[in-house]
Amino acid sequence: MMKILVALKRVPDPDTRIRVKEGVLDLDGVKFAVNPFDAIALEQAIRMREQLGDVEVVVVSIGTGDCVEQLRLGLAMGADRALLISGAEAPDSLSVARILADVYRRERPDLVLMGKQAIDDDSNQAGQMLAALLGIGQATFVSKIELVDGRSSACCARETDGGIETITVRLPAVVTTDLRLNEPRYVSLPGIMKARKKPLEEIQLTDPTLKAPARTRVLKLESPPPRKAGIRVRTVDELVEKLRNEAKVI
Amino acid sequence: MEKVLVISEHEGGRLRRHTLSAVAFAAKVAAESGGRFEILVLGEGMGEVAGELRSYGAAAILVGDHADLRHPVADKHGWMIARIARERGATMVVAAASTFSKDILPRSAALMDAGMLSDVVGISMTGGEAEFKRIMFAGNVIATVKLDGAVRFLTVRSAAFVHPVPGADVSPVVELSVPVSELPSLIEYGSREVRVTGRPDPTEARVVVSGGRGVKNAEDFERLIGGLADAFGGAAGSSRALVDAGIVPNSLQVGQTGKIVAPDLYVAVGISGAIQHMAGMKDTKVIVAINKDPDAPIFEVADFGIVGDAYQLVPELIEKVKAK
Ligand SMILES: Cc1cc2nc3c(=O)[nH]c(=O)nc-3n(C[C@H](O)[C@H](O)[C@H](O)COP(=O)(O)OP(=O)(O)OC[C@H]3O[C@@H](n4cnc5c(N)ncnc54)[C@H](O)[C@@H]3O)c2cc1C
């Protein structure tokens, strides 16, 4: 039996423009979603179960009761069971990694699948930090995974700045997903019905070391200055003239 | 008094230019805090890269040169960086934001129980303490953040820190020993697809011409987007749509989750202007949008917009840019 742990983060819907109002995030009326990269991670885990058969897919989220919504969505997509880690603040990637390391030690998965970044804070760190804390391998920005050597390793294609790179990482490992790995399935009505009966366990963190203060302290939030309005040009000649003589960029 | 360790990035034995933005950051921190900075070069056959870095005022160029470090795999490089940061008593470890640094630095940070900030765009020293600025929520929020702890890890956006001008070659080169038997061995490097175009990387060009779903296929992309990029002597980029469609490689994707660019001129051709795309290019000096839909959101950030069919406008633009 192979076990795959997938971390799901609750984030604002990717298509809403978040604003700052009087120094705080204005989340009034904002809808929430599963971080899109995490949905890709879960889709990958479900596909591996469909392909290999004897795979258990466990989803985990750190946060308040609100995250139950995203965990239920994960179960509706096809995860087998869900864990809600409450009683812990996870304001930065290192805290997330510490808490997930604790979950890892309880669950002993063969593979941890995570999104490469969360689209709210765009840190792109938690998976790598988790792998380091556990002393296991990592493959980041992955667009293809294939289990090799009798499922003891994963051959991964990674999307790097210079193009596609392939590496083979020994399992257990943390793999973080990029956009091209797959297209997550839609949640079906029968899926939602089934999800209601699947186990969702809440774990209250009591280990004081996991409540270690975060390394990051946010002092201030502000909106970027708006770009000044531009103009429409009618012809290519006019455009070239503006670029040459007004903007002086050519 | 900060002691900054800059992690250099190189490819094919050549320095990646954006390393110099991390050097600029480190020089600023060192100057303002009365500290110093060193630059680390890990790899194999690093003589030339190390030599080139000697002229930027670093207290030392540290070189870990070994065959086992030839490929930038996260387990080995992450471990080496943490070890050297510890040995040198670094208070900050910084690299230019890229898939290289984002893969490796968080690993080193966790090994040192250190906090990290990605994509830093500003720093100020207030009362001897560093405050960093970074972008969140797809470019819609700027956060001012402090990092606690004895050592802090950072990646910086290359466009936010102007490359320093080289001076005299004065930084001494220090060869470090590489404890080969202690290096972890969890990841085996396979291969890297070879880049085919002769064009610069979108993050390193003065002009970027990007194509979106309005461009139908790879031939049209090469003719229209590649052609216009060449006319400007710039780079080609794209929206996510064309990468997903397999029309262009992932290395061209500009956006929140691709490459962040801030060139002098960005030309968006057949790109609607989704939040995620704009997060990757809206710090450009001059934005030009070419789109057949007059209501496309890209026009809201464009300095010069032209409504029309890219298939007619772009060939004419190529001609006229070339004509001078
Ligand atoms: C998690 C996540 C991450 C993402 N990351 C990124 C990212 O990093 N970068 C990114 O770009 N996107 C990203 N996206 C996708 C983004 O939301 C948009 O879907 C994408 O940017 C749209 O690409 P497009 O503008 O090319 O296509 P479309 O939105 O389909 O727009 C095509 C445009 O072309 C115009 N057009 C069509 N034909 C012509 C013609 N002949 N002449 C002129 N104009 C024409 C149309 O009017 C339209 O405005 C991400 C999405 C998610 C959910």
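Each chain gets a letter, A, B and so on, in the order its sequence line appears, and its residues count up from 1. Only a predicted model underlies this, so the values are computations on that prediction, with no experimental measurement involved.
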ask   = Is it the backbone or the side chain of A:S93 that comes under 4.5 Å from a heavy atom of chain B, or both, or neither?
value = neither
ask   = B:D201 and side chain to side chain contact (heavy atoms under 4.5 Å, CB included): which partner among B:H18, B:K259, B:R17?
value = B:K259
key: salt_bridge(A:R98, B:D113) N-O dist < 4.0 Å   = yes
inquiry  = At a heavy-atom distance under 4.5 Å, which candidate from A:K116, A:R170, A:Q138 has the highest pair count against chain B?
reply    = A:Q138
Heavy-atom contact with chain A under 4.5 Å, split by part of B:P294 = both
key: Contact origin within B:A143 toward chain A - heavy atom pairs under 4.5 Å   = both
Top contributor to chain A interface from B:A110, B:A274, B:A109 [non-hydrogen pairs under 4.5 Å] = B:A110
key: Salt bridge flag under 4.0 Å for residues A:K220 and B:E131   = no
Side chain B:N291, main chain B:A296, donor-acceptor under 3.5 Å = no
ask   = By a 4.5 Å heavy-atom criterion (distance strictly below it), what part of A:D92 contacts chain B: side chain, backbone, both, or neither?
value = neither
Salt-bridge criterion met for A:K31 and A:E69 (N-O under 4.0 Å) = no
query = At a heavy-atom separation under 4.5 Å, does A:P14 approach chain B through its side chain, its backbone, both, or neither?
reply = both
query = Can you find a pair of side-chain heavy atoms, one from A:F37 and one from A:T176, that are under 4.5 Å apart?
reply = no
query = What part of B:M112 is in contact with chain A, defined as an atom under 4.5 angstrom from a non-hydrogen atom: side chain, backbone, both or neither?
reply = neither
query = Is it true that A:D121 and A:K9 have a side-chain N and a carboxylate O under 4.0 angstrom from each other?
reply = yes
query = Considering only heavy atoms, which portion of A:A126 lies under 4.5 Å from any heavy atom of chain B: side chain, backbone, both, or neither?
reply = neither
message = Heavy-atom pairs under 4.5 Å with chain A - which of B:W79, B:F299, B:F100 has more of them than the others?
response = B:F299
request  = Using a cut-off of under 4.5 Å on heavy-atom pairs, state which of B:M136, B:R152, B:Q256 scores highest against chain A.
outcome  = B:Q256
key: A:I40 vs A:P184 side-chain heavy atoms within contact, under 4.5 Å   = yes
task = Under the side chain to side chain contact (heavy atoms under 4.5 Å, CB included) rule, what do B:F232 and B:V209 come out as? Steps first, then yes or no, please.
result = CA-CA 9 Å; B:F232 283 120; B:V209 181; 3.9 Å; yes
message = Please classify the contact between A:R180 and chain B as side chain, backbone, both or neither, with a heavy-atom cut-off of under 4.5 Å.
response = side chain
request  = State, yes or no, whether a side-chain contact exists between A:R151 and A:D110 at a heavy-atom distance under 4.5 Å.
outcome  = no
Between A:P226, A:A229, A:C156, A:S123, the one whose heavy-atom pairs under 4.5 Å with chain B are most numerous = A:S123
note = Okay, B:L117 and chain A: the region with an atom under 4.5 Å from a heavy atom over there is both
note = Bottom line for B:A279: the part with an atom under 4.5 Å from chain A's heavy atoms is neither
inquiry  = Is A:S153 close to chain B through its backbone or its side chain, or both, or neither, when contacts mean heavy atoms under 4.5 Å?
reply    = neither
request  = Pick whichever of B:S251, B:P249, B:S191, B:G115 has the most heavy-atom pairs under 4.5 Å with chain A.
outcome  = B:S191
request  = Identify which part of A:Q117 has an atom lying under 4.5 Å from any heavy atom of chain B, answering side chain, backbone, both or neither.
outcome  = side chain
query = Based on non-hydrogen pairs under 4.5 Å, which of B:V321, B:V207, B:D244, B:I104 is most in contact with chain A?
reply = B:D244
ask   = Can you find a heavy atom in the side chain of A:L147 that is under 4.5 Å from one in the side chain of A:L171?
value = yes
request  = Name the member of B:L313, B:V141, B:D75, B:V73 that forms the most heavy-atom pairs with chain A at distances under 4.5 Å.
outcome  = B:V141
request  = Might you work through the side chain to side chain contact (heavy atoms under 4.5 Å, CB included) test for B:Q312 and B:E316, ending with a clear yes or no?
outcome  = CA-CA 7 Å; B:Q312 272 158 19; B:E316 186 186 341; over 6 Å; no
Chain B contact via A:V249 - side chain, backbone, both or neither, heavy atoms under 4.5 Å = both
request  = Select one option (side chain, backbone, both, neither) describing which atoms of B:K285 are under 4.5 Å from chain A's heavy atoms.
outcome  = backbone
ask   = Quick one: what part of B:L252 sits under 4.5 Å from any heavy atom of chain A, side chain, backbone, both or neither?
value = neither
key: Side chain, backbone, both or neither of A:S143 within contact of chain B (heavy atoms, under 4.5 Å)   = neither
Side chains of B:E9 and B:S98, donor plus acceptor under 3.5 Å = yes
ask   = Between A:I18 and chain B, which part of the residue has a heavy atom less than 4.5 Å away: side chain, backbone, both or neither?
value = both
note = Most heavy-atom pairs under 4.5 Å with chain B, out of A:L221, A:T160, A:D15, belong to A:T160
key: Part of B:D103 within contact of chain A (heavy atom distance under 4.5 Å)   = both
task = Would you mind checking if B:D303 and A:R227 are paired as a salt bridge, meaning a charged N to carboxylate O distance below 4.0 Å?
result = yes
task = Answer yes or no: is there a side-chain heavy-atom contact under 4.5 Å between A:D66 and A:R10?
result = yes
Part of A:R232 lying under 4.5 Å from any heavy atom of chain B = both
note = chain B shares the most heavy-atom pairs under 4.5 Å, among A:D178, A:V233, A:V240, A:V218, with A:V233
query = Any idea how B:H277 and B:Y266 line up, ring-wise: parallel (<30°), tilted (30 to 60°), or perpendicular (>60°)?
reply = tilted
A:R158 versus chain B, the contacting section by heavy-atom distance below 4.5 Å = side chain
Chain B contacts, top residue of A:D161, A:D122, A:T140 (heavy-atom pairs, under 4.5 Å) = A:D161
message = Quick check on A:I136 against chain B: is it the side chain, the backbone, both or neither that has a heavy atom closer than 4.5 Å?
response = backbone
request  = Kindly determine whether A:R185 and A:I46 satisfy side chain to side chain contact (heavy atoms under 4.5 Å, CB included), including the steps that lead there.
outcome  = CA-CA 10 Å; A:R185 66 195 64 193; A:I46 296 168; 3.6 Å; yes
ask   = Hey, does B:E11 have a side-chain heavy atom less than 4.5 Å from the side chain of B:R14?
value = no
Closest heavy-atom pair and its distance - A:C67, A:G63 = SG-CA, 3.9 Å
task = Check whether A:E246 gets within reach of chain B through its side chain, its backbone, both or neither, counting any heavy atom under 4.5 Å.
result = side chain
inquiry  = Just so I understand: if I count every heavy-atom pair under 4.5 Å between each of A:I119, A:I231, A:V11 and chain B, which residue has the most?
reply    = A:I231
ask   = Thinking salt bridges, do B:D119 and B:R134 make one under a 4.0 Å N-O criterion?
value = no
remark   = Bottom line for B:E319: the part with an atom under 4.5 Å from chain A's heavy atoms is neither
